[in-house]
Amino acid sequence: PTEYHLSQSRANLVRALDLSGVKRVLELGCGCGSITRYIGEQAGIEVDAVEGSPIRAALAKLRCRDLDSVTIHAGNFNQLDFPNDYYDLVLFVGVTEYAGRFSDQASDEDALQELLGLAQKATTANGVTLVAIENRLGLKYVLGCHEDHYAKRYIGVDGYRDSAGIATYSVAEWRAILETAGLSQAAFNYAFPDYKIPRVLMGHDFAASDPHGFNHLEGLFARDYYRPVNRSLTESVGWQAASAGGFLPEIANSLCLVAADAGQNVDRISGFDFCHLPGPGRNNRFAVVTSKPRGDNQVYKTALTGDVERETDMAEVQQVLAPQEFLEGDLLSTIWLRSIMIHARREEFDALVAEYYAYLKALDAAGQMLSIDLLPINIVVGKDGAYQVFDQEWQVSWKITPEYLLFRALLTFIVTNWVFLRDFLGWLELHSVREFVDYGFRNHRLLLSSHIDEFVELENRFQGKTTRDQQNGGVEALLQTRFDFARDEHNLYA
């Protein structure tokens with residue numbers, strides 16, 4: 001609850017949207033104001049936010065106390081009158097599922113129609129309604145995560161036969177709901193791992209048609225908000241199957257819908273194929289939104305902070321936010337993972353790492369300056385097997401060697417994926433992060449001990465500039481972390 005109500009990452013949901021042209025916003029069910037604050041900070045936008053809980057409303061007011069453009073109202077919005085044809089955007093974020101709980105309508109569906117009707121009356125002729133909500137048929141629920149509102153497994157998948165006035169809906173059900181409500185123009189977007197703390201948003205056409213779409217979701221893990229999740233039942237293979245079959249939208253865990261009775265502003269506000277949103281680990285000065293607009297073959301990075309703040313202390317580390325052509329294919333890091341997780345082929349994994357290291361050495365021998373970002377997570381492998389490099393965001397003042405990049409690649413790979421590699425790690429009797437990285441070095445007749453002090457110093461220097469304050473001893477402590485094969489944590493950084 002603390003994270004949900006207070007984390008600034010909640011605003012990721014609307015950071016992906018184009019709010020230019022929006023002047024007045026009505027947010028129904030604003031909670032403690034995490035999204036309210038973000039919208040209120042946008043120039044030229046006035047916000048009316050309504051919250052039913054007096055305590056939460058008071059917190060939202062406190063949070064936005066310095067924003068004259070934001071007004072917080074405490075009360076049940078079903079009992080309030082709103083001006084007609086007034087708002088450019090109406091927000092229901094984590095609200096519509098409760099429609100039946102606070103209505104005297106005969107069914108949850110009728111209560112939802114009443115709620116959407118309220119929004120329609122309040123919006124201008126070109127206004128839109130945004131709904132963010134869980135998908136009752138989302139992959140995490142099919143795999144056994146507890147439903148977010150009832151704390152029961154499979155109750156949503158089973159259609160809420162024991163409804164207590166709270167219900168979420170599938171993609172197909174939402175299409176019918178919006179059509180009945182007269183909101184015939186709708187952009188269906190999908191939030192991963194969910195709408196609460198989203199890291200990736202995808203538009204429908206991209207999610208339904210790109211066979212490599214699952215690569216955007218590698219390293220994201222859905223959360224069961226009641227119990228630990230068995231991460232060995234990885235969603236990533238499910239996303240891969242869904243991308244191959246064209247049904248990724250139907251099993252996305254959360255939906256972000258932008259709907260209206262006219263389509264022009266729907267397409268403008270929600271005009272992206274995908275957006276990658278900032279995570280909690282990065283220094284706020286360097287937080288960016290990475291997006292591909294629909295119909296554009298370029299990918300753009302947009303900083304969240306001003307130039308003056310961003311340029312502070314940039315002598316050693318500089319951030320480059322240049323557009324780049326969109327590349328099709330699978331991530332090299334995904335190929336590494338599948339070679340072990342699915343095929344359990346040590347020799348294939350070793351060969352892939354050797355190919356990557358040889359690639360780095362060839363570039364270095366040719367006199368090409370190596371980037372600190374030249375990692376498998378930033379390499380797309382094309383149909384011909386050729387490496388295509390992208391997202392070289394960082395430039396540093398020190399020389400980057402192939403060996404340091406090999407260290408970074410192995411370190412990043414294992415801390416993100418170790419829980420999926422338990423059999424492989426146990427078979428090789430590798431018990432810590434350091435032992436895995438050392439294993440990768442030995443395969444190339446390299447001794448990690450000859451470089452470790454230098455690499456740790458460089459990595460701590462880089463992380464100290466680009467991420468939040470290092471804790472628990474930084475990279476040294478991370479290397480000493482031992483694999484606990486009884487634990488379900490998906491990421492040692494967490």
Using only heavy-atom distances, determine whether the side chains of Asp148 and Tyr141 contain a donor-acceptor pair under 3.5 Å.
-> yes

Between the side chain of Asp194 and the main-chain N/O of Ile197, is any donor-acceptor distance below 3.5 Å?
-> yes

So CZ of Phe286 and CG of Leu321: to nearest 0.5 Å the spacing works out to 10.0 Å

Closest heavy-atom pair, Ser170 versus Glu173, reported as atoms and distance to 0.1 Å, is N-OE1, 2.7 Å

Which value, rounded to the nearest 0.5 Å, describes the distance between Leu337 atom CG and Phe420 atom CZ?
-> 7.0 Å

Should we say atom CG of Asp81 is surrounded by more than 12 heavy atoms from elsewhere, each under 6.0 Å from it?
-> no

Kindly state whether the ring of Phe82 and the ring of Phe77 have centres lying under 6.0 angstrom apart.
-> no

Got a sec: does the NZ of Lys61 have more than 12 other heavy atoms crowding it under 6.0 Å?
-> no

Any side-chain donor near an acceptor of the partner, Asn12 and Ser9, under 3.5 Å = no

Is a side-chain donor or acceptor of Asp224 paired with a backbone partner of His146 at a separation under 3.5 angstrom?
-> yes

Taking the six-membered ring for Trp and the single ring otherwise, decide whether the centroids of Tyr160 and His149 are under 6.0 Å apart.
-> no

Under 4.0 Å between a Lys/Arg side-chain N and an Asp/Glu carboxylate O for Arg175 and Glu179?
-> no

Is Glu218 salt-bridged to Arg338, going by a charged N under 4.0 Å from an acidic O?
-> yes

Keeping the roles fixed (side chain from Asn378, backbone from Gln392), state whether a donor-acceptor pair exists under 3.5 Å.
-> no

Give, for atom CG of Asn297 and atom CG of Leu327, the distance between the pair rounded to the nearest 0.5 Å.
-> 8.5 Å

How far does CG of Leu331 sit from CG of Asn215, to the nearest 0.5 angstrom?
-> 4.0 Å

So, the side chain of Asn265 versus the backbone of Gly127: is there a donor-acceptor pair under 3.5 Å, distance only?
-> no

Should we count CG of Asp68 as having more than 12 external heavy atoms under 6.0 Å?
-> no

Of Phe192, Tyr190, Phe206, the one forming a ring pair (Phe, Tyr, Trp, His ring centres under 6.0 Å) with His216 is Phe206

Hey, does the side chain of Thr36 reach the backbone of Cys32 with a donor-acceptor pair shorter than 3.5 angstrom?
-> no

Looking only at heavy atoms, which two atoms of Tyr87 and Val25 are closest? And how far apart?
-> CD2-C, 3.6 Å

May I ask you to decide if Leu277's main-chain N or O and Arg199's side chain share a donor-acceptor pair within less than 3.5 Å?
-> yes

Will you find, in the side chains of Tyr86 and Asp48, an N or O donor that is under 3.5 Å from an N or O acceptor?
-> no

Check the pair Asn135, Leu255 against side chain to side chain contact (heavy atoms under 4.5 Å, CB included), reporting the backbone distance first and the verdict last.
-> CA-CA 6 Å; Asn135 173 13; Leu255 314 178; 4.1 Å; yes

Heavy atoms only: give me the nearest Leu13-Ala132 pair and the separation to one decimal.
-> CD2-CB, 3.5 Å

Tell me, with the steps shown, if Thr168 and Glu134 meet side chain to side chain donor-acceptor pair (under 3.5 Å).
-> CA-CA 6 Å; Thr168 64; Glu134 298 87 357; 5.5 Å; no

Side-chain donor/acceptor of Asp261 to backbone N/O of Gly182, under 3.5 Å | no

Calculate, to the nearest 0.5 Å, the distance between atoms NZ and CG belonging to Lys152 and Asp158 respectively.
-> 10.5 Å

Got a donor-acceptor contact below 3.5 angstrom from the Arg15 side chain to the Tyr38 backbone?
-> no

Is it true that a side-chain atom of Glu97 and a backbone atom of Val95 form a donor plus acceptor pair closer than 3.5 Å?
-> yes

Are Trp174 and Ile133 close enough, and set up right, to give a side chain to side chain contact (heavy atoms under 4.5 Å, CB included), and what steps lead you there?
-> CA-CA 10 Å; Trp174 267 109; Ile133 189 173; 3.7 Å; yes

Looking only at heavy atoms, what is the nearest atom pair of Ser34 and Ala11, with distance?
-> O-CB, 4.2 Å

What pair of heavy atoms forms the shortest contact from Glu235 to Leu139, and how long is it?
-> O-CD2, 3.7 Å

Would the number of heavy atoms belonging to other residues, nucleotides or ligands and lying under 6.0 Å from CD of Gln42 be above 12?
-> yes

Take the angle between the ring planes of Phe326 and Phe274 and call it parallel below 30°, perpendicular above 60°, tilted in between.
-> tilted

Taking all non-hydrogen atoms of both residues into account, name the closest pair between Leu67 and Gly40 and its distance.
-> CD1-C, 4.0 Å

Could you point out which residue of Lys465, Glu393, Lys301 forms a side-chain hydrogen bond (donor to acceptor under 3.5 Å, both in side chains) with Gln319?
-> Glu393

Can you tell me if Arg101 uses its side chain to pair, donor with acceptor, with the backbone of Ala164 under 3.5 Å?
-> yes

Output the distance between atom CD1 (Ile35) and atom CZ (Arg10), rounded to the nearest 0.5 Å.
-> 4.5 Å

